[in-house]
Structures are given as C-alpha cells and as structure tokens.
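Working notes for the structure below.
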Amino acid sequence: MSQSFATAHQRAVEPEHHDVVIIGAGFSGLYMLYRVRDVLGLDTVVFEAGGGLGGTWYWNRYPGARCDSESFYYSYSFSEELEQEWEWTSKYPEQPEILRYLEHVADRFDLRRDIRFETRVEEAVFDEKTARWLVGTDDGQRSSAQFLISAVGCLSAANVPDIPGLDCFEGDWYHTGRWPHDGVDFANKRVGQIGTGSTGIQAAPVIAAQAAHLTVFQRTPNYSVPARDAALTPERRAEIKENYPAIRKHTRESFGGFPYDPSSRSALELTHDERTAVYERLWQEGGFKFLWGSFYDLLLNEEANETAAEFIRSKIREIVHDPTVAETLAPKDHPYGSKRPPIDTDYFETFNRDNVTLVDVRAEPIEQITPTGLRTTAGDHELDIIVFATGFDAMTGALLAIDIRGRDGLSLRDKWADGPRTYLGLQIAGFPNLFTITGPGSPSVLSNMPVSIEQHVEWIGDCIAHLRAAGRATIEATPAAEEAWVDHVADLAQLGMFSKANSWYVGANIPGKKRVFMPYVGGVANYRHRCDAVAANAYEGFELSG
Ligand code: NA7
C-alpha cells in the first residue's frame, strides 16, 4: 500500500459527507454542479485548485488569449434565458470576456457557494465497504461521496520542458497556461517565445507589438488560417439569438460540434482553379470553416489534404517577405489538421517586423538556458523574458496528477501506464462511480468543447438519476466493454490523417509518455447516438450493483 493511499484513510479529520464531489470549476465543473445540485437536488461540493472559477479561462491569461470557436456556439445551451441575456461583443472573444461570461453563469445560478477555491484534490480512494469515494484535499480535509466526477479539463496540466539551466536564468519566465494575473510588462524587453502551437500563434503578434525584440523558437511549423475577428453588430446578435434553437441542433448533430454545413464534395473533384477559389473564399472569411466547411475529405485523404496544405503554404509565402523565413514557417512534415489547427490574427505578418526573429530549433536545437538567455547549437540569444508556449500534458496529465485508487487499491496511474483506457471516455473499469467529463476516448479536444461538455454532463446526470431511481449504489464499466471501446477508438484513429503527426493527441509532446491516440475520432453526433443507445439499452457495458 502506498504512502498516499494510507494517508487518505488516516487523515485525522472526520470526512464531510456529500452525494457528489466534482473536481474542477471550469466549463464542465460549473454545469455539472448545476445539473446534479439544482436539477437532481444532490448535495454537491466542487474542489477547484485555482483562486477563481473558469478553468482554462482562469489560467490562460497570456497576451492574445482568445477562443478559436465563435462565441455564439462556444457557450452553454442549457438555459434559454442565459443565451438570450448574455451579449457577446465579438466573434472570437478574448479571455477576459469568456471569464466574465463564466462568472456571470456562476452568479446567475448561485454556483459559488458550493465551490471551494484554492483547494487541490490530491487523492481519491474508493472504499469498497461503503461504496463511496474518499477524497483528500491539500487543506488536509477529507470528503466522502457516492459519486466522484472529474471536470479537470483536457488541457490544464502545463508542460514546461526540462531544458537544462532554467533554474539559473536571471530574467523572468512564464508558462502561458499559468500567466500572472497582473500581466507582464514587455516594454523594452528582449523576449524569447518557445512554441508555435495555437497559443504561441496567438501570443507572438501581441508580444511583438509590445517588446523591444521577440525571438520565436519554432520546433514544428504550423498551418494557420486567419481568424478575422470582428465585432458583433446588434443586428447579428439579434439574428443569432433568434436562431439559437437551430444553431444548437446543428452543433449537436454535426461532426465537430460546429454549426457549419459539411461539404459533400471531395477536394479532388474540382479543378485546381475551382478548388483554389473555395479555399480563397474561406481564407477571406476566416476561422475553422476552412477545415470543416471546405471539403469532406481533408482529414480522410492525403492527396485531398495536400491541396489545402499547399494553399496555406502559398499564403505563407505570399505574406512573409523574406523567402527563407517563409520556407521555415511553411509546414511540410505533417498533414493539415493532423495536429490541432490554429487560427490567428496577423501571425505570419509578425515575421515581417524588424523586431522579430525566427529560430528553427530543428536546424539548431536548444542546448540550454543560460543566465542571460538561451543557447542553441548555433549560438546564444540574449533574453530578458522567456515565454513557454509549450502546451500541456494533454488529456491525462491533470487526472493522473491526483492519486486515484479504485477497487483493490488499483492505481489509475498504473492502470493507464500504457495509455488511457476508458469506456466511452466516461468511465474506467475498476473505478466505480467515477465519471470523467470529456475523458480520453471521447470526442473532447477534436470538437467544440462546450458541445461535448454539455453532452457528457447531461449523460452523467441522467445516469446518476437512473441509479437513484433504480435503487442502485454503483455503476462501473465492465472490462470487456472498456477493452472493446479502446480498440474501437484506436482503429478509428488509424483511418484519417491523425496518425500521421507527432501531436499532443498521441502524447508525443511529453517525453516518455506512451503514444496512444487519445480522443475519439468518430465525431460528436455518432458519439452522442452511441452514448444514448448505451443508456437506452439498460446501460449496456456497465455493471450496476448495490
Ligand atoms: P501545443 O499545441 O502543444 O503547442 C506547444 C508548442 O510548443 C508546439 O509548437 C511544440 O512543438 C512546442 N514545444 C513543446 N516542447 C518544446 C520543446 N521542448 N522545445 C521546443 N518547442 C517545444 O500547445 P498550445 O498551448 O499551443 O495549444 C494547446 C491547446 O490549447 C490548443 O490546441 C487549443 O486546443 C487550446 P511541437 O509541435 O511539439 O514540435
């Protein structure tokens, strides 16, 4: 028995008793609280490590942080009043506006009173005798609950790469996902930014506009399409509000959770000029529509994909004045969309600025951080500030940071040592009454998150209501159902472009992490139907007992 397992039982304090413990007060935790407390009437507590609510939108306060999905569908749909009263200012709201929205939701539904802030869950142990979870938090408290729901988020465990010398750096350094609340003053500073994922692509133009100099250290060039943010006019807002029922229906029945009409055309059935005209129109329009609304086979067929990839490369060559820099920025080693596609505001244009330098760390790898900057194999870069836009230990990092023990003391870390194993991304065999919102094996990060979050929260809420109505104490995925689902998720991942990149979808960004494709590729609508069918079929693949 590990030390940690023992401490959960031995903490001197009497546990608080609840029906439900939720971990995390972001988009998913807030709605889950509403659903189990206000709809089902269950005694619920939420533990949140942050000093405030909002999850992703609480922590990610880096310059340029904004949503890549349009505000009117990156929002809750469960309350018509909420939909109608909230006013989004623009297509792609910045982080402070999304955080204000979530704070409004919390106030409107009186959620804060059941959230314990600055309280980190350290361990959770399933007690087989009582069929309850015993949860230990970093304030020394214990809580017991029939149900434990993880709402820890897919992209919340920040990844700071282990580059030698960081301890001796005399300047300041920050990870974008742990950004200081009072901001960072870049004026007159030489800034180094490591990472060119969605975050780095949002941050670089804003930092470059403020800093004396910005050096961007790029490992993998990225395909990015302009966002083309714009204010929402009163007319557009009224139109959206009037159409909300249709918009929501559209997102739920779509592949990715976006209200775009999928094209029934292959990229290969048009002539070069016709196809280019489609890409050009979508490039001018901006946003994810370029991927989801152009041709149905961009993620299915490499030749089709290459037409979009080459169009984006041609745009990079057009925008970036220096041909060598343009070539370094043009991705060639993975298909478009096989890594999370970013959208941007003036990202490629930023490399035309006199105060911006691009360093290709594949050509000249980073050797170490020195007291005064960063050393690559080609030489030293003097820096006052280093910004790590280096992403997250995605999908499993935050959950595995908690010492979770199921039946027979089985550790989740041990169970997932060779990659996450779940049934529907919702439950794990050996861990009764533990639910994982947008867990690995569900569409999650491949979809518009609020759509997937709402579906999971509602499914879990209905499942708990069913158990209580049926007088059952526990629900647990069977090993056979889990095995079949893991195989299904892996088989689907082989079909399209996703297996052709070293992405965080497979854990490739974390040294030593087992490479397993984690999200479900089958799409939001298919997945929803599958979950609904499982529930309708007496929770097929789960064992209900007690
Ligand atoms: P990402 O997408 O994981 O991007 C991280 C970036 O940092 C990416 O360019 C990485 O290169 C780079 N990286 C990571 N480690 C290193 C080291 N050691 N050296 C050099 N470069 C490195 O994270 P983001 O925060 O941008 O986006 C995460 C998600 O948040 C995003 O997809 C949205 O869903 C919201 P690599 O590509 O691994 O070669």
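The figures that follow rest on heavy atoms only: side chains count, while hydrogens, waters and symmetry mates do not. Numbers for residues simply follow the sequence, beginning at 1. First listed ligand is number 1; within each ligand, the first listed atom is number 1.
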How far apart are the closest heavy atoms of M497 and L298, and which atoms are they? CG-O, 3.7 Å
So which heavy atom on R61 is nearest to which on Q95, and how close? CG-NE2, 3.6 Å
Side chains of F27 and Y101: does their closest heavy-atom pair fall under 4.5 Å? yes
R362 side-chain N/O to R219 backbone N/O, donor-acceptor pair under 3.5 Å: yes
Can you name the residues that come within less than 4.0 Å of ligand 1, going by heavy atoms only? L155, P161, I194, G195, T196, G197, S198, T199, R219, T220, K339, R340, R362, A389, T390, G391, F392, W504
Residues that R120 engages under side-chain contact (heavy atoms from CB on, under 4.5 Å), provided they are two or more places apart: A49, D138
Is the ring pair Y223/Y336 parallel, tilted or perpendicular, if the boundaries are 30 and 60 degrees? perpendicular
